[in-house]
Amino acid sequence: MLASGAMSDASRALPAPAPSPDPQEVRRVTEGLAAVRARIEAAARTAGRDPAGVRLLAVTKTVSPARLRAAHAAGVRQMGENKVQEARGKAEALADLGIHWVLIGHVQTNKARDAALVAHEVQSLDSLRLAQALDRRLQAAGRGLDVYVQVNTSGEDSKFGLPPEQVADFLAHLPAYQSLRVRGLMTLAARSQDTGRVRACFDLLRELRDAGRQAGTVGDGLLSMGMSGDLEEAVMAGSTCVRVGQAIFGARPAPSA
Ligand SMILES: *Cc1c(COP(=O)(O)O)cnc(C)c1O
């Protein structure tokens, strides 16, 4: 009995203590979050919606693990990344925090293994090949995964996602991949100062969701849409998840070409 007590002490060896976050950085993130929440609330009230129906996903791409410790201290529990390798590195660096990791960028099929390992949720599902590759890994691990189907509502070549006319058929094929739990649809709006064009992208995603509901293929029918620059339009169009980076963490460095 004594021996087993000693064993369990040894097996409880503590990991190296994590560095405590910079208080100034915690305050900056807290202020950024409060400002974004106020914007969500104002837009929801304008639309006659309950702001509690809009989830705020912090987009943490390019933000260092040290700053993300500050974000966690400020209350951030879910983090969105657009690259599998970056998500993986951060998930390892922040393993002690129990973050809910969300992939929001295109996942190449050959990264499906890492994606299935690191992500709790993939909002950028855009091909049946990826669905199949994820499902295979997840089945082997005995796990499920929340997914959103990404739709290219703007028609811009630079954006990933299914063309709108392929969405119904795509959704109809997803039940074959039993480890994937379909939560809804995701989009990025046109990059435009013209709020009419932006709004049209969000309205289109909602219409595709409504069609999917009629067909019973769109799972929970959630809508991930809206970012720092256009979250008001998205909330007014029915968004249930805004993905916000720069309005919380400040401007990102320009991507190196
Ligand atoms: C970067 C990114 C966002 C957040 O953009 P911000 O302008 O930082 O708010 C949202 N969604 C996707 C898919 C992204 O890649």
Side-chain angles (χ1 to χ4, degrees), residues 25 28-29 31-40 42-43 54-64 67-68 70-71 74 76 78-90 99-108 111 115 118-127 130 146-162 183-193 195 197-199 201-202 204-205 222-257:
E25 188 59 34
R28 271 196 293 267
V29 176
E31 287 168 4
L33 286 170
V36 171
R37 291 215 175 91
R39 287 174 60 192
I40 293 171
V54 185
R55 163 185 170 203
L56 172 55
L57 172 61
V59 174
T60 51
K61 62 193 188 201
T62 77
V63 182
S64 70
R67 289 184 71 201
L68 294 185
V76 174
Q78 309 190 349
M79 299 185 182
E81 287 283 337
N82 65 341
K83 293 191 179 127
V84 177
Q85 292 319 312
E86 190 175 343
R88 205 179 156 185
K90 288 175 182 174
I99 300 295
H100 176 95
W101 291 101
V102 184
L103 289 174
I104 58 172
H106 178 65
V107 179
Q108 288 171 283
K111 299 266 170 62
V118 73
H120 301 93
E121 182 177 341
V122 172
Q123 292 198 349
S124 43
L125 182 64
D126 58 4
S127 74
L130 177 60
D146 286 353
V147 296
Y148 286 65
V149 174
Q150 183 174 351
V151 184
N152 184 352
T153 51
S154 69
E156 291 172 9
D157 286 344
S158 60
K159 291 193 165 67
F160 287 100
L162 294 170
R183 304 303 310 274
L185 305 177
M186 181 273 239
T187 201
L188 286 95
R191 232 180 130 80
S192 169
Q193 298 302 316
T195 54
R197 274 193 65 201
V198 169
R199 182 62 190 258
C201 294
F202 296 146
L204 174 55
L205 197 72
L222 300 177
L223 294 173
S224 175
M225 53 190 198
M227 343 201 289
S228 294
D230 57 19
L231 69 87
E232 281 85 359
E233 283 78 20
V235 168
M236 286 192 276
S239 174
T240 64
C241 176
V242 293
R243 309 175 308 268
V244 179
Q246 300 183 83
I248 299 173
F249 297 107
R252 273 186 299 277
S256 46

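All ligand and atom numbering here is 1-based and tracks the order in the structure. What you see is a predicted model; the values in this text were computed from it and never measured.
Qualifying salt bridge (Lys or Arg N to Asp or Glu O under 4.0 Å) partners for R55, counting only residues two or more places apart in sequence or in other chains: E121.
When all heavy atoms of Y148 and L185 are compared, the pair lying nearest together is CD2-O, 3.4 Å.
Test H100, Q123, R183 against D146 for side-chain hydrogen bond (donor to acceptor under 3.5 Å, both in side chains) and you get one pass: R183.
With values rounded to the nearest 0.5 angstrom, R67 atom CZ is found 8.0 Å from T62 atom OG1. Interatomic distance, M186 CE to S239 OG, rounded to the nearest 0.5 Å: 11.0 Å.
In this structure, E233 does not pair ionically with R199, as no charged nitrogen and carboxylate oxygen lie closer than 4.0 Å.
Closer than 4.0 angstrom to ligand 1 by heavy atom are V59, K61, I104, L188, M227, S228, R243, V244, G245, Q246, R252, sorted by chain and number.
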